[in-house]
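To start, the structure under review is shown below, and the notes come after it.
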Amino acid sequence: MAAGRLIIKTEFLPTKYRGYMLPLSQVFWLAGSLLIIGLASVIIPTIGWRWLIRVASIPGIILIVAFKFIPESARFNVSTGNTRAALATLERIAKMNRSVMPEGKLVEPVLEKRGRFADLLDAKYLRTTLQIWVVWLGISFAYYGVILASAELLERDLVCGSKSDSEVVVTGGDSGESQSPCYCHMFAPSDYRTMIISTIGEIALNPLNILGINFLGRRLSLSITMGCTALFFLLLNICTSSAGLIGFLFMLRALVAANFNTVYIYTAEVYPTTMRALGMGTSGSLCRIGAMVAPFISQVLMSASILGALCLFSSVCVVCAISAFTLPIETKGRALRQIK
């Protein structure tokens, strides 16, 4: 869903505005994140987490209806030969902007072959595709790793590497009593406040991220933020106060959000219209793999070795930073291409 939304915005926005407007959409992602944390703080302690899931599903149901009112991309319609629909969309945009359509005809050769997976692995895009997949997987791994690690660190109250006092005695039937660490306890109001503060971090670096994207370029900006993400993962292991931990989590959320902003823009710009949706879709699949792996590190490995988990996250971010820096194509100021 997020990939499709970004593709449509990319194809509607002029080249000079893409680097500014696309990162600003992060504000709405932030609003949703803050809303779900706020709802969780009210619903979970009173009527339980199942009701939180039910309430959280309501916006998705509304979106099913809202999608009907979103216009199809004019670029896509032109590439499929549906120039009438493309003209209708452009006329609607001109009317909304109180402007007049320029004279002329939309002319573009109709493409018989579009969106083949083999095109992504064509010699022209092979290196770009493979490196983008590495970056997407790593960014998602780091993003969800930060979110889950935040909850893990707060649940276990790990400040200065102290052990949690949450260990309970579990009775194992005939085998008697055995010591078993159990860290599943309800968040206190202060924990929700910490989650809100760290989540606000997702918008904190947006102005710098926009400047970096537009002046340093997509590749260099992404490699810098990925390198900083690696550094702050390691800083989480430093003996610090609760305020220090919150500060590190705040910066990590800001950096991983900036990573996502940049890679979304780069991926949508580097592929032509005929391959854009496929490129974003396959990258999104790698993103889900990273999201699936993250819990095993943030919650399973971190329970055994916090330093081991943080070093793994940091190492993946370093690999992504190198991959981003060596991408063969820079898309800053580059017009969207219709065909490959």
Side-chain angles (χ1 to χ4, degrees), residues 2 6 19-20 22-30 32-34 37 131-132 134-154 194-238 240 243-267 283 286-287 290-291 293-294 297-298 302 306 309-325 327:
L6 190 108
Y20 295 95
L22 294 177
L24 288 176
S25 63
Q26 185 72 12
V27 173
F28 298 95
W29 180 278
L30 170 68
S33 299
L34 294 176
I37 295 173
Q131 289 185 226
I132 283 177
V134 170
V135 172
W136 271 90
L137 191 150
I139 288 177
S140 175
F141 179 66
Y143 180 83
Y144 291 101
V146 170
I147 294 174
L148 295 170
S150 300
E152 183 76 4
L153 293 171
L154 291 172
T194 299
M195 292 292 287
I196 288 173
I197 292 171
S198 63
T199 301
I200 291 174
E202 292 200 12
I203 204 69
L205 289 183
N206 229 16
L208 289 177
N209 187 215
I210 290 173
L211 290 175
I213 287 172
N214 287 282
F215 292 98
L216 298 179
R218 279 57 162 162
R219 294 181 303 180
L220 182 56
S221 178
L222 181 56
S223 62
I224 290 174
T225 53
M226 286 301 308
C228 292
T229 305
L231 174 62
F232 272 90
F233 264 118
L234 294 178
L235 290 178
L236 277 180
N237 195 56
I238 292 178
T240 184
L245 176 63
I246 294 172
F248 289 149
L249 292 175
F250 181 91
M251 283 303 301
L252 267 174
R253 291 292 289 268
L255 288 165
V256 294
N259 295 335
F260 256 129
N261 279 343
T262 311
V263 77
Y264 263 122
I265 294 172
Y266 181 87
T267 307
S283 298
L286 271 294
C287 177
V293 174
I297 309 303
S298 291
M302 188 166 282
I306 294 178
L310 296 179
C311 285
L312 180 56
F313 280 120
S314 182
S315 299
V316 170
C317 290
V318 169
V319 171
C320 290
I322 296 171
S323 182
F325 186 75
L327 281 165

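Fair warning: this is a prediction, and the values are worked out from it, not measured in the lab.
Taking 4.5 Å as the limit, every side-chain heavy atom of M226 sits out of range of all side-chain heavy atoms of V319. For the pair Y266 and V135, the minimum side-chain heavy-atom distance is 4.5 Å or more.
For the pair S223 (side chain) and A324 (backbone), a donor-acceptor distance under 3.5 Å is absent. In this structure a side-chain-to-backbone donor-acceptor pair under 3.5 Å is missing from R219 to F325. The backbone N or O of L310 lies less than 3.5 Å from no partner atom in the side chain of S314, so there is not a single donor-acceptor pair. Counting only distance, with no hydrogens or angles, the side chain of S221 and the backbone of L216 share no donor-acceptor pair below 3.5 Å.
Here the shortest heavy-atom pairing between W136 and C287 reads CE3-CB, 3.8 Å. Contact record, T267 with V263: OG1-O, 2.7 Å, taken as the closest heavy-atom pair. Minimum heavy-atom separation, T225 to L222: OG1-O, 3.0 Å. The two residues V316 and G138 come nearest to each other via the heavy atoms CG1-CA, 3.7 Å. The shortest non-hydrogen separation linking I200 to L30 is CA-CD1, 3.8 Å. Annotation for F313 and A294: closest pair CZ-O, 4.3 Å, computed over non-hydrogen atoms.
The aromatic rings of Y143 and F260 stand perpendicular to each other, their planes meeting at an angle above 60°, with 30° marking the opposite boundary.
A distance of 9.5 Å separates SG of C317 from CG of L312, quoted to the nearest 0.5 Å. Between atom CG of residue L220 and atom CG of residue L327 there is a gap of 11.5 Å, rounded to the nearest 0.5 Å. Interatomic distance, C228 SG to L252 CG, rounded to the nearest 0.5 Å: 10.5 Å. We find the OG-CD1 distance between S298 and I147 to be 9.5 Å, quoted to the nearest 0.5 Å. Rounded to the nearest 0.5 angstrom, S315 OG and L234 CG are separated by 7.5 Å. A distance of 9.0 Å separates CE of M251 from OG1 of T229, quoted to the nearest 0.5 Å.
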| message | Quick one, Y144 with V256, criterion side chain to side chain contact (heavy atoms under 4.5 Å, CB included). Give me CA distance, side-chain angles, the key distance, then yes/no. | response | CA-CA 9 Å; Y144 291 101; V256 294; over 6 Å; no
